[in-house]
Number of protein chains: 2
Amino acid sequence: MLESIAYIAQQIKEARETKGLSQRALSEKVGIPQSHISRIENGAVNLQLSSLIELARVLELELILVPKEAQKATGAIIREAQRPKKKSDIHNQLVHSSASKNRAKYQLDDED
Amino acid sequence: MLESIAYIAQQIKEARETKGLSQRALSEKVGIPQSHISRIENGAVNLQLSSLIELARVLELELILVPKEAQKATGAIIREAQRPKKKSDIHNQLVHSSASKNRAKYQLDDED
DNA sequence: TCTTATGATGTGTCTTAATATATCTTTTCT
DNA sequence: AGAAAAGATATATTAAGACACATCATAAGA
């Protein structure tokens, strides 16, 4: 399983696409090779925390641990934040939704 | 830097203590050696995402990526969730506050 | 078509997380 | 004090992340 890694990987990919960055562009900003970013986004690696944090920083995301009981409430807020605020941002919606069509394969070993 | 690792490590430690678990007890639940949990909580290792996710699962935490703009709002909700709901839970507050006295050393290499 | 941009994939090397195991220190009891 | 529990630390081994680098496949544009 480890579908949580799939979720995180997908979040990274969507955030990158929302920002209109190619893997190579992100690679230069964050200092991680494009080949590795590809593997990360496809869930092909069990990345280290430092890599995730660096990616998150450049993508203006914050990695946090939320108590399960608070998850629903935070989820609502986050979805709200991700909603484009200006009509000129509808473009983002398109990029975003096309991104969510992508299936993550996640060939990580089934541990647990 | 990588103070975000310190933050995550501290969150794990506090969640464990709030649940009244020893490192060894958590070790058995999650299948990670106590020695490694110690290193994780002290920020002495740059742990892998699977380890963090496994720990979070057992500690009933969810690892999420929050847009920076939504961070304040989610922070408020999370603090609310962490507040003990019953008077009988004041015990947790004590454990929790004693935990926060601990300084993390974080001898991780200064990258960036 | 040829080029260009993008993402995916392969290989070899180095580093280090994760493991097993043991031990040591510190704290907390009785 | 001594015993027990808890956390920190040491060592050796194994597994795999991260890297550099090249290359492949595909799609988009000229």
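This structure is a prediction, so every number in the text was calculated from the model and none was measured. Lettering follows sequence order; numbering is per chain, from 1.
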| request: Could you walk me through whether L26(A) and L59(A) pass side chain to side chain contact (heavy atoms under 4.5 Å, CB included), step by step? | output: CA-CA 9 Å; L26(A) 178 58; L59(A) 296 172; 4.1 Å; yes
| Interatomic distance, Q48(A) CD vs dA18(C) P [rounded to whole Å] | 7 Å
| request: Give a yes/no on whether any side-chain N or O of N42(B) is located under 4.0 angstrom from OP1 or OP2 of dA8(D). | output: yes
| field | I12(A) side chain near L65(B) side chain, heavy-atom distance below 4.5 Å | value | yes
| request: Could you check how far CD of E41(B) sits from C1' of dG7(D), rounded to whole Å? | output: 9 Å
| What is the distance from CD1 of I5(A) to C1' of dA17(C), rounded to the nearest Å? | 14 Å
| remark: Here the pair of heavy atoms bringing Q23(A) nearest to I37(A) is O-CD1, 3.7 Å
| request: Rounded off to whole Å, could you give me the CG-to-C1' distance for the L26(A) and dA5(C) pair? | output: 16 Å
| note | L52(A) atom CG is separated from dA17(C) atom C1', nearest whole Å, by 16 Å
| message | Can you measure E54(A) atom CD to dC19(D) atom C1' for me and round it to whole angstrom units? | response | 15 Å
| message | Using whole Å, what does the distance between atom P of nucleotide dA6(D) and atom CD of E28(B) come to? | response | 11 Å
| query | Are any of Q23(A)'s side-chain N or O atoms less than 4.0 Å away from OP1 or OP2 of dA8(C)? | reply | yes
| query | Using 4.0 Å as the upper bound for N to carboxylate O, is an ion pair formed by R57(A) and E62(A)? | reply | no
| query | In B/S/- notation, 5' to 3', how is nucleotides 19-26 of chain C contacted by protein heavy atoms closer than 4.0 Å? | reply | BBB-B---
| field | Nucleotide nearest L47(B) when distance is taken to its side chain, options dA18(C), dG7(D), dA8(C) | value | dA18(C)
| task | For S27(A) and I32(A), indicate whether the former's side chain and the latter's backbone hold a donor-acceptor pair under 3.5 Å. | result | yes
| query | At under 4.0 Å between heavy atoms, what does S38(B) touch on the DNA or RNA strands: base, sugar-phosphate, or nothing? | reply | base
| task | For L55(B) and dA18(C), give me the distance from atom CG to atom C1', rounded to whole Å. | result | 12 Å
| remark: Residues at least two apart in sequence or cross-chain that pass side-chain hydrogen bond (donor to acceptor under 3.5 Å, both in side chains) with Q71(B), listed by chain then number, are none
| query | Hey, does the side chain of S51(A) reach the backbone of L47(A) with a donor-acceptor pair shorter than 3.5 angstrom? | reply | no
